[in-house]
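Everything below concerns the one structure shown next.
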Amino acid sequence: MTVILNQSFTGISIGAVLLLIALGLTLTFGQMGVINMAHGEFIMTGAYTTYVLQKSISDAGLSLLVALPVAFLVAGAMGVLLEWLLIRRLYTRPLDTLLVTWGVSLMLQQLARDIFGAPNVQTHAPDLLTGNISVGGGITLANSRLFILALALLCVLALTLILRLTPLGRRIRAVVQNRDLAEVSGIATGRVDRMTFFIGSGLAGVAGVALTLVGPIGPTTGTNYIVDAFLVVVVGGIGQLKGSVLTAFVLGVLQSVLEYSTTVSVAKVMVLVAIVAFLQWRPQGLYTLRTRSLA
Amino acid sequence: MSGFSISRRGLLAGVSAVGASAALSACGAKTGDSASTDGSGATADTSGSTVKVGLLNSLSGTMAISEVTVHNALLLAVKEINAAGGVLGKRLQAVSQDGASDWPTFAEKAEALITDDKVAATFGCWTSASRKAVKPVFERYRSPLFYPVQYEGLEQSPYIFYIGATTNQQIVPALDYLKKQGLTKLYLVGSDYVFPRTANKIITAYAKANGMQVVGEDYAPLGSTEFSTIVNKVKDSGADAVFNTLNGDSNVAFFKEYKSSGMTAKSMPVLSVSIAEEEVKSIGTQYLQDQLTAWNYYETTPGAANTTFVKAYQAAYGKDKPTSDPMEAAYISVYLWKEMVEKAGSFDVAKIKAAADGIVLDAPEGKVTVDGATQHVHKTARIGKIGADGLITEVWNSGKPIKPDPYLKGYSWAAGLS
């Protein structure tokens with residue numbers, strides 16, 4: 001029983017990392033149909049932002065708190081720049097966005113190597129986050145994992161509120177459902193696109209901050225997670241926030257349970273096989289967006 | 001297209017080398033000449049007043065955390081040797097290549113060093129995967145590689161000098177030490193490639209023969225950062241100690257997870273064979289305090305030779321830079337090569353191989369002696385404990401240098417390993 005509970009928590013915490021990373025993609029890939037391969041590098045930007053801030057703010061806890069909004073702004077700004085420079089010219093050509101943003105991703109990785117050096121770097125977690133909470137019965141919850149879980153849920157909540165309740169959210173949903181109709185209704189679709197990209201990329205930056213608590217930071221930090229993030233978005237149903245949330249946690253738990261009973265590599269293979277089988281059965285993913293523009 | 005330009009460059013270099021050796025025929029010694037008589041492709045050019053040596057390390061990627069320091073130590077040795085008059089009166093010129101933590105790249109760069117730069121010897125590589133990738137290249141061109149890192153043994157190439165420890169100089173003494181401490185139930189955690197897999201096979205065989213027990217064995221892909229499940233398995237396994245063969249910065253993620261799951265050196269010690277002072281510093285001592293390591297050298301190893309080495313290294317690279325076992329092995333590998341060349345009176349590979357046996361160096365780690373038969377060195381085994389200051393203090397040593405035994409022929413339990 002202890003094993004099952006411990007593994008479930010581990011799975012949920014892996015799911016929280018996946019969710020944080022996939023959240024931004026749900027917006028930019030799910031809602032806008034842009035296959036943004038540079039999303040991983042926005043994550044890396046967030047991680048390096050934390051590293052840079054920690055150099056000037058010596059208190060690890062404070063620097064982490066400052067890093068969250070700053071990383072959101074920095075990564076978001078990079079997303080807006082990318083959207084304005086390249087992606088807005090490619091909205092009807094999703095495969096071209098893949099190639100273009102992949103090129104951008106390689107350039108950003110090289111840029112990181114030039115600025116921060118090729119070796120990976122580490123940040124120091126605040127003391128509060130290096131410990132754990134024992135809830136009895138041999139079950140311990142690592143504080144850093146709890147923090148990431150809380151952060152992920154907070155981001156989901158904030159994103160849901162923005163999409164549901166704000167004028168911006170209404171406009172985003174309108175543009176996603178029918179761009180032309182939104183345009184003739186007087187919505188500045190270009191500005192909405194840019195804001196969507198800002199939020200989506202900013203969330204990648206926040207994910208990067210969270211990743212500094214898990215492992216080392218390097219130019220390829222984001223690349224390691226980008227495939228998993230796309231899997232979450234596709235399996236969850238493109239453009240479906242609740243699908244991404246559910247999928248992230250299910251995949252996390254599945255991975256950790258399989259890993260416990262087999263090995264890391266075997267578990268990876270089994271999860272991928274499960275995903276392929278699932279997509280055979282439900283090619284549209286868990287949830288489907290019903291619009292006129294998407295078949 | 002590129003193939004054409006490379007061969008043209010090669011041709012030009014060849015033509016100019018022939019011109020140079022004709023002009024300097026009285027004093028020039030070209031190893032290529034003697035080697036070519038037996039049909040080999042050795043191409044080292046030692047005819048000029050400078051001799052090129054290759055430095056092949058990962059300056060980027062997941063292994064850079066470790067290998068950049070080895071690169072620095074190699075450069076220091078080359079600089080010192082030049083300042084003291086060079087080798088056989090010739091200045092050394094270091095040519096650096098980045099293996100980029102990618103094994104095919106290592107092979108490619110090794111070939112470039114030998115054929116384009118015509119180096120007399122190459123120093124470097126860290127992971128066994130990279131060594132296995134370059135081995136056929138050095139054997140094909142009959143060019144020597146000096147390898148500075150402990151490894152899993154069971155290998156002997158006529159063109160590789162193994163300056164790091166083989167298993168009987170590191171892993172076997174480490175197991176002896178754990179056994180003596182009563183830590184007999186082991187959990188093996190490693191990166192998923194040749195060194196940890198082979199090392200763990202050896203550890204399992206040792207355990208069987210010595211009344212120890214392997215209660216679990218797990219591998220994570222090199223560069224992996226997700227260790228929560230592995231740490232849970234370790235925690236539930238009832239092991240006395242973890243034997244850690246993770247490489248590179250996966251160790252950062254592993255130890256962060258280990259600590260946040262509430263385990264410490266007291267509840268379940270981790271003995272690592274791939275974490276030295278530099279890695280300790282970048283992982284963070286708060287995650288590693290009191291954990292064990294097995295090496296042949298620590299920054300704190302006593303002796304005048306080490307004091308000089310540490311001083312020279314910190315003068316060159318910064319006061320806060322630690323020295324480590326692979327760095328020390330890399331540093332002395334250049335000196336050992338110099339000794340071999342000077343004893344042979346030639347840069348010729350066959351001649352330095354013949355001269356290698358019995359060369360003694362008063363190294364920072366203590367006395368080391370080259371064993372000509374295996375091309376390994378006699379080394380003292382040392383177990384250390386990681387302190388709060390990031391330095392490692394010795395808690396046990398083997399007392400005298402251990403004769404290298406790469407195939408573990410001296411151990412009956414190792415029969416059948418390959």
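The structure displayed is predicted, hence computed values, not measured ones. By convention in this document, chain letters (A, B, ...) are assigned in the order of the sequence lines, proteins followed by strands, and residues within each chain are numbered from 1.
A salt bridge links A/Arg145 with B/Glu226: the closest approach of a Lys/Arg side-chain nitrogen to an acidic carboxylate oxygen falls below 4.0 angstrom. B/Glu217 and B/Lys233 are not joined by a salt bridge, as no carboxylate oxygen comes within less than 4.0 angstrom of a charged side-chain nitrogen.
In terms of modelled atom types and a separation under 3.5 Å, the side chain of A/Tyr51 and the main chain of A/Val121 share no donor-acceptor contact. Distance alone, capped at 3.5 Å, places no donor-acceptor pair between the B/Thr285 side chain and the B/Gly390 backbone. With hydrogens and angles disregarded, a donor-acceptor distance shorter than 3.5 Å links the side chain of B/Glu299 to the backbone of B/Thr323. Counting only distance, with no hydrogens or angles, the side chain of B/Ser250 and the backbone of B/Ser224 share a donor-acceptor pair below 3.5 Å.
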Run the side-chain hydrogen bond (donor to acceptor under 3.5 Å, both in side chains) test on B/Ser274 and B/Asn247 for me, step by step, so that the C-alpha distance in whole Å, both residues' side-chain angles and the decisive distance to 0.1 Å come before the verdict. CA-CA 6 Å; B/Ser274 250; B/Asn247 238 312; 3.2 Å; yes
Could you go through A/Met78 and A/Thr45, starting from their C-alpha distance and side-chain angles, then the distance that decides it, and tell me whether this counts as side-chain contact (heavy atoms from CB on, under 4.5 Å)? CA-CA 9 Å; A/Met78 285 175 68; A/Thr45 306; 3.5 Å; yes
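Both the backbone and the side chain of A/Ser256 come within contact range of chain B, each with at least one heavy atom under 4.5 Å from a heavy atom of that chain. For B/Phe255, no part sits under 4.5 Å from any heavy atom of chain A, backbone or side chain. If you measure heavy-atom distances from B/Asp218 to chain A, the contacts under 4.5 Å come from the side chain alone. Both the backbone and the side chain of A/Ala125 have a heavy atom closer than 4.5 Å to some heavy atom of chain B. Interface remark: B/Lys259 contributes backbone and side-chain atoms alike to the contact with chain A (heavy atom separation under 4.5 Å). Interface remark: B/Gln286 contributes side-chain atoms only to the contact with chain A (heavy atom separation under 4.5 Å). In this structure, no portion of B/Asp98 lies under 4.5 Å from any heavy atom of chain A. For A/Leu213, the part lying near chain B is the backbone, with the side chain staying farther off; criterion is any non-hydrogen pair under 4.5 Å.
Aromatic ring pairs are classed by plane angle as parallel below 30°, tilted from 30° to 60° and perpendicular above 60°; the pair B/Tyr313 and B/Tyr317 is tilted.
Interface check for chain A: of the options B/Ile283, B/Leu59, B/Thr225, B/Asn232, the most heavy-atom pairs under 4.5 Å are formed by B/Asn232. Per-residue counts of heavy-atom pairs under 4.5 Å with chain B were compared for A/Thr263, A/Thr10, A/Asp127; the largest is that of A/Thr10. In terms of non-hydrogen atom pairs under 4.5 Å with chain A, the most contact-rich of B/Ala253, B/Ser60, B/Ser260 is B/Ser260. Ranking A/Val257, A/Asn132, A/Val264 against chain B, the residue ahead of the rest is A/Asn132, based on heavy-atom pairs under 4.5 Å.
Taking the six-membered ring for Trp and the full ring otherwise, the centers of A/Phe116 and A/Tyr48 sit less than 6.0 Å from each other. When ring centroids are compared, A/Phe29 and A/Phe230 come within the 6.0 Å threshold.
Among the residues in residues 214-224 of chain A, those with a non-hydrogen atom closer than 4.5 angstrom to a non-hydrogen atom of chain B are A/Val214, A/Gly215, A/Pro216.
Considering every non-hydrogen atom in both B/Asp290 and B/Ala265, the closest pair reads O-CB, 3.4 Å.
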